[in-house]
Enquirer: 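Next up is a structure, given as structure tokens.
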There are 2 protein chains.
Amino acid sequence: MATIYDVSVLAGVSLATVSRVMNNNTKVSDKTRQKVLDAMASLGYRPNTIAQSLASNCSNSIGVLVSQLDGPFYGPMMTEIETALRSANKHVIIAAGHADEEQEKDGVDFLMSRGCDALILDVEAVSDEFLLQLHKGNTPIVLINRYIDSMKENCIFLENERGGHMATDYILSLGHKDIAYISGPMYKRDARDRLQGHQRALSEHGLMFDPALWFEGNFREFGGSDGMRHLLSLKKHFTAVVCASDQMASGAIAVCLEQGIRVPEDISFIGYDNIPFPQYISPKLTTVSNPINEMGKMAALWVLQHVYKSEKVDVNCSFSPELFVRDSAKRIK
Amino acid sequence: MATIYDVSVLAGVSLATVSRVMNNNTKVSDKTRQKVLDAMASLGYRPNTIAQSLASNCSNSIGVLVSQLDGPFYGPMMTEIETALRSANKHVIIAAGHADEEQEKDGVDFLMSRGCDALILDVEAVSDEFLLQLHKGNTPIVLINRYIDSMKENCIFLENERGGHMATDYILSLGHKDIAYISGPMYKRDARDRLQGHQRALSEHGLMFDPALWFEGNFREFGGSDGMRHLLSLKKHFTAVVCASDQMASGAIAVCLEQGIRVPEDISFIGYDNIPFPQYISPKLTTVSNPINEMGKMAALWVLQHVYKSEKVDVNCSFSPELFVRDSAKRIK
DNA sequence: CTGTTAGCGCGTTCAG
DNA sequence: CTGAACGCGCTAACAG
């Protein structure tokens, strides 16, 4: 591999000059520049990024920690992050935290020790205090899907209460009055916020939230099917089920179909997240969006702007869910 | 940040000694070692991996290039790769090729310039020659989902012909004789192999492959729905549809359900890949597995073994699909 | 505008 | 077993 030295010899200039044309931060005369460029081309020179990092104390790498790499969320998110960052010639180092405090801390440590210039974190198990502590350090961090008031400029999040309200409000607008709710696990902030939005919508319509028609799921498909089986076993009357995630909605709908309950004729459903898959199955799922991909992109732009001082876009931290009306919910007779 | 120098001063030893205890490759007396360890602990010393890389000419990073980060495949694959590699304290740098030759080459270039010790590639657009060329270079590469005879020790792949055979053989065992086929795009090797397996199964049962009942899809949901609509419009008789991917099967089944065609009572379906989602919807999809996660893990182990000389596991390169019988295909009357 | 000269933090000879 | 010295490839003052 050719080095900067080889180039400088071939071009008949000094090391520093070669460095300058690479980073073009200092003026270099056009003809020296051309000589250098030619030399680089004929040697097939590729800068050694490791050496650059060591010398400049900037690794050009961004650590991304997510709870899991599989599932419908992080793929789209990573896609956007990778695209945005790579076009700026930064690279992304990934780590998974698996929603476990130990592993999340471990992941952060790992990325830190890798000399990342910034961290993009989508963590859930770790405490606010831990994150605030991290925030005080030298490595900038951005939080996705999390809101901490005292560091809100570093947070990119979805207005979950609003989304929860939106979903239920739509169901109510269809004339439903007896509504079951399958929530996420209550120890998660977003699950609580969505439920709260649901309750607000109900009370705005003069309806009571009935805890008996509430099942605490886990955001996954089987949480939805468990919930549905439970609700059905209650023998209580309801015409619609609001689910706090598309995955749960899919699991719940599957249980209905298996039991000969028609969707949406007998029971209406609405999900949350707008993941791709349920758009393609029958009935197509009505839902509220969780623009996790855009949030990923925004996090990348935040880093580009705050850490690398490029990209003069204005990043907005708060994202609004949107309603996607499809076929799983219908007006009640 | 404390450096090796700070440690050496505090411990009252030389730089070299500190380096030795870190890499414990040379004998160091127990008591000097302890002094160093204590010094490191009290300084909270963390080695600078960038400097280590530069000095040792080994970046401890592995580049992973996949066609896309989203979708149901790469998540699980990345999960396994990340887990295996991180526990060995290696880090993974990701890039996406988007099934485009230009972008795939670009991605390889990018990862190379990042000083990766090895590359794990899941590429489809790039030519065999390009990969062979790369193989001749100094950076070891592993290919996932691709077989090139002259570098087969570096290939990790699924026996797609066999899987294609397996799926159709099962459908045939259920008594079906009029079978439609929705394939992947023919420019992809795995699509061709799966189709070939399908045809072999047919001919083993004395059946002819009917090109009229074949639709060339794209492995995606809408490819399946397009295909199903096309097949239905033919007004030809068939009792089963073999799909070359679960996503296509899901799209196809959705079209049937919309049109009041019952699955599997009227038409049986079998998919390919065994992605998570269709296991949770109704009817649960019968399919053949594509253990992409295990292949990812194997790739990681291959790297650990061949590049870092650790992990004395035997990596096997060829993976066999397995049949997963669920509810979307039934015996014909 | 360009060349010289120090480092960046660590691994690795080579003597002792 | 330990220390001194050099070098990895590049950036960043500092002179000219």
Side-chain angles (χ1 to χ4, degrees), chain A residues 1-40 43-61 89 91 112-117 138-139 308-309, chain B residues 1-37 39-40 43-61 89 112-117 138-139 308-309:
Chain A
M1 208 70 219
T3 76
I4 200 179
Y5 176 77
D6 303 322
V7 176
S8 75
V9 175
L10 211 170
V13 298
S14 76
L15 293 174
T17 303
V18 178
S19 175
R20 284 181 188 115
V21 345
M22 293 183 51
N23 306 301
N24 48 234
N25 39 15
T26 317
K27 293 278 78 171
V28 177
S29 80
D30 278 351
K31 70 169 199 277
T32 3
R33 167 185 305 278
Q34 198 51 52
K35 280 192 302 188
V36 174
L37 257 22
D38 291 345
M40 296 203 304
L43 284 171
Y45 169 76
R46 319 260 318 158
N48 178 323
T49 58
I50 308 265
Q52 287 179 315
S53 297
L54 185 59
S56 66
N57 192 32
C58 161
S59 69
N60 284 310
S61 71
N89 238 299
H91 68 242
M112 286 296 216
S113 79
R114 246 50 211 199
C116 292
D117 297 336
N138 305 311
T139 309
Y308 301 113
K309 315 300 179 195
Chain B
M1 205 71 220
T3 77
I4 198 178
Y5 175 77
D6 303 321
V7 176
S8 74
V9 174
L10 210 170
V13 298
S14 76
L15 294 173
T17 303
V18 178
S19 174
R20 286 183 186 110
V21 346
M22 292 184 51
N23 306 300
N24 49 236
N25 39 16
T26 316
K27 293 278 78 169
V28 177
S29 79
D30 278 350
K31 70 168 197 279
T32 7
R33 166 185 307 279
Q34 199 51 53
K35 281 192 301 187
V36 172
L37 258 20
M40 296 205 302
L43 285 170
Y45 170 76
R46 321 260 314 156
N48 178 324
T49 58
I50 308 261
Q52 287 180 317
S53 297
L54 185 60
S56 66
N57 195 31
C58 163
S59 69
N60 285 310
S61 71
N89 236 297
M112 286 296 215
S113 79
R114 245 54 212 198
C116 292
D117 296 335
N138 304 315
T139 309
Y308 301 112
K309 314 299 178 198

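For clarity, every value in this text was computed on a predicted model and none was experimentally measured. Numbered from 1 within each chain, the chains take letters A, B, ... in sequence-line order. Only this structure's heavy atoms are used, side chains among them; waters, hydrogens and symmetry mates stay out.
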Enquirer: Between A/S19 and D/dA12, is there a contact of a side-chain N or O with OP1 or OP2 at under 4.0 Å?
Expert: no
Enquirer: Whether the side chain of B/S56 engages the backbone of B/Q52 through a donor-acceptor N/O pair (distance < 3.5 Å, no angle test) should be reported.
Expert: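 Yes.
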Enquirer: Taking only the side-chain heavy atoms of B/M22 (C-beta and beyond), determine which of D/dG3, C/dG11, C/dT4 contains the nearest atom.
Expert: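 When the side chain of B/M22 is considered, C/dG11 is the closest of D/dG3, C/dG11, C/dT4.
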Enquirer: Is there a donor N/O on one and an acceptor N/O on the other, under 3.5 Å, for the side chain of A/R46 and the base of D/dG9?
Expert: no
Enquirer: Can a side chain N or O of B/T3 be found less than 4.0 Å away from OP1 or OP2 on C/dG9?
Expert: no
Enquirer: Closest approach to the side chain of B/A51, judged atom by atom: which nucleotide of C/dG9, D/dC10, D/dA13 is it?
Expert: C/dG9
Enquirer: Where do B/S59 and B/D117 come nearest, in terms of heavy atoms and distance?
Expert: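 Closest pair (atom of B/S59, atom of B/D117, distance): N-OD1, 2.9 Å.
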Enquirer: Which nucleotide in the set C/dG9, C/dC1, C/dC8 lies at the smallest distance from any side-chain heavy atom of B/A55?
Expert: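 Selected nucleotide (nearest to the side chain): C/dG9.
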Enquirer: Rounded off to whole Å, could you give me the CE-to-C1' distance for the B/M40 and C/dC10 pair?
Expert: 14 Å
Enquirer: Is there side-chain contact between B/L43 and B/V7, with heavy atoms separated by less than 4.5 Å?
Expert: yes
Enquirer: Specify the separation, in whole Å, of atom OH of A/Y45 and atom C1' of D/dC10.
Expert: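 In whole Å, D/dC10 C1' lies 7 Å from A/Y45 OH.
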Enquirer: For B/K27 and D/dG3, give me the distance from atom NZ to atom C1', rounded to whole Å.
Expert: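 After rounding, the reported distance stands at 19 Å.
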Enquirer: Is any side-chain heavy atom of A/S14 closer than 4.5 Å to one of A/S8?
Expert: no
Enquirer: Does B/Y5 put a side-chain nitrogen or oxygen below 4.0 Å from OP1 or OP2 of D/dA4?
Expert: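 B/Y5 to D/dA4 OP1/OP2: no side-chain N or O under 4.0 Å.
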Enquirer: In terms of the nearest nucleotide of DNA chain D, which residue is placed more toward the 5' end: B/S29 or A/V18?
Expert: B/S29
Enquirer: Measure the distance from CZ on A/R114 to C1' on C/dG9 and round it to the nearest whole Å.
Expert: 15 Å
Enquirer: Looking at the side chain of A/N48, which of D/dG3, D/dG9, C/dT2 is the nearest nucleotide?
Expert: D/dG9
Enquirer: Among the candidates D/dC10, D/dC14, D/dT2, find the nucleotide nearest to the side-chain atoms of A/I4.
Expert: D/dC10
Enquirer: Please report the shortest heavy-atom distance between B/T3 and B/D6, naming the atom on each side.
Expert: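 So the minimum-distance heavy-atom pair works out to N-OD2, 2.8 Å.
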Enquirer: At under 4.0 Å between heavy atoms, what does A/T32 touch on the DNA or RNA strands: base, sugar-phosphate, or nothing?
Expert: sugar-phosphate
Enquirer: Of B/S56 and B/V13, whose nearest nucleotide on DNA chain D comes first from the 5' end?
Expert: B/V13
Enquirer: Would you indicate which nucleotide in D/dC8, D/dT2, C/dG11 comes nearest to any side-chain atom of B/V28?
Expert: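 For the B/V28 side chain, the nearest candidate turns out to be D/dT2.
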Enquirer: I need the CG-P distance between A/D6 and D/dG9, as an integer number of Å.
Expert: 9 Å
Enquirer: Quick one: which of D/dA12, C/dC10, D/dG9 gets closest to the side chain of A/N25?
Expert: D/dA12
Enquirer: Does OP1 or OP2 of C/dG11 have a side-chain N or O of B/Q52 closer than 4.0 Å?
Expert: yes
Enquirer: Check B/A2 against B/Y45 and note the closest heavy-atom contact, atom names and distance.
Expert: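 The answer is O-CD1, 3.4 Å.
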Enquirer: Think A/T17 has a side-chain N or O under 4.0 angstrom from the OP1 or OP2 of C/dG3?
Expert: yes
Enquirer: Counting only side-chain nitrogens and oxygens, does B/N23 get under 4.0 Å of the OP1 or OP2 atom of C/dG11?
Expert: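 For C/dG11, OP1 or OP2 has a side-chain N or O of B/N23 closer than 4.0 Å.
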Enquirer: How is A/N57 classified with respect to the nucleic acid when contacts are heavy atoms under 4.0 Å: base, sugar-phosphate, or nothing?
Expert: nothing
Enquirer: More 5' along DNA chain C: B/A2 or A/A16, using each one's nearest nucleotide?
Expert: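 Nearer the 5' end of the strand: A/A16.
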Enquirer: Using atom NZ of B/K35 as one end and atom C1' of D/dT2 as the other, report the distance to the nearest whole Å.
Expert: 10 Å
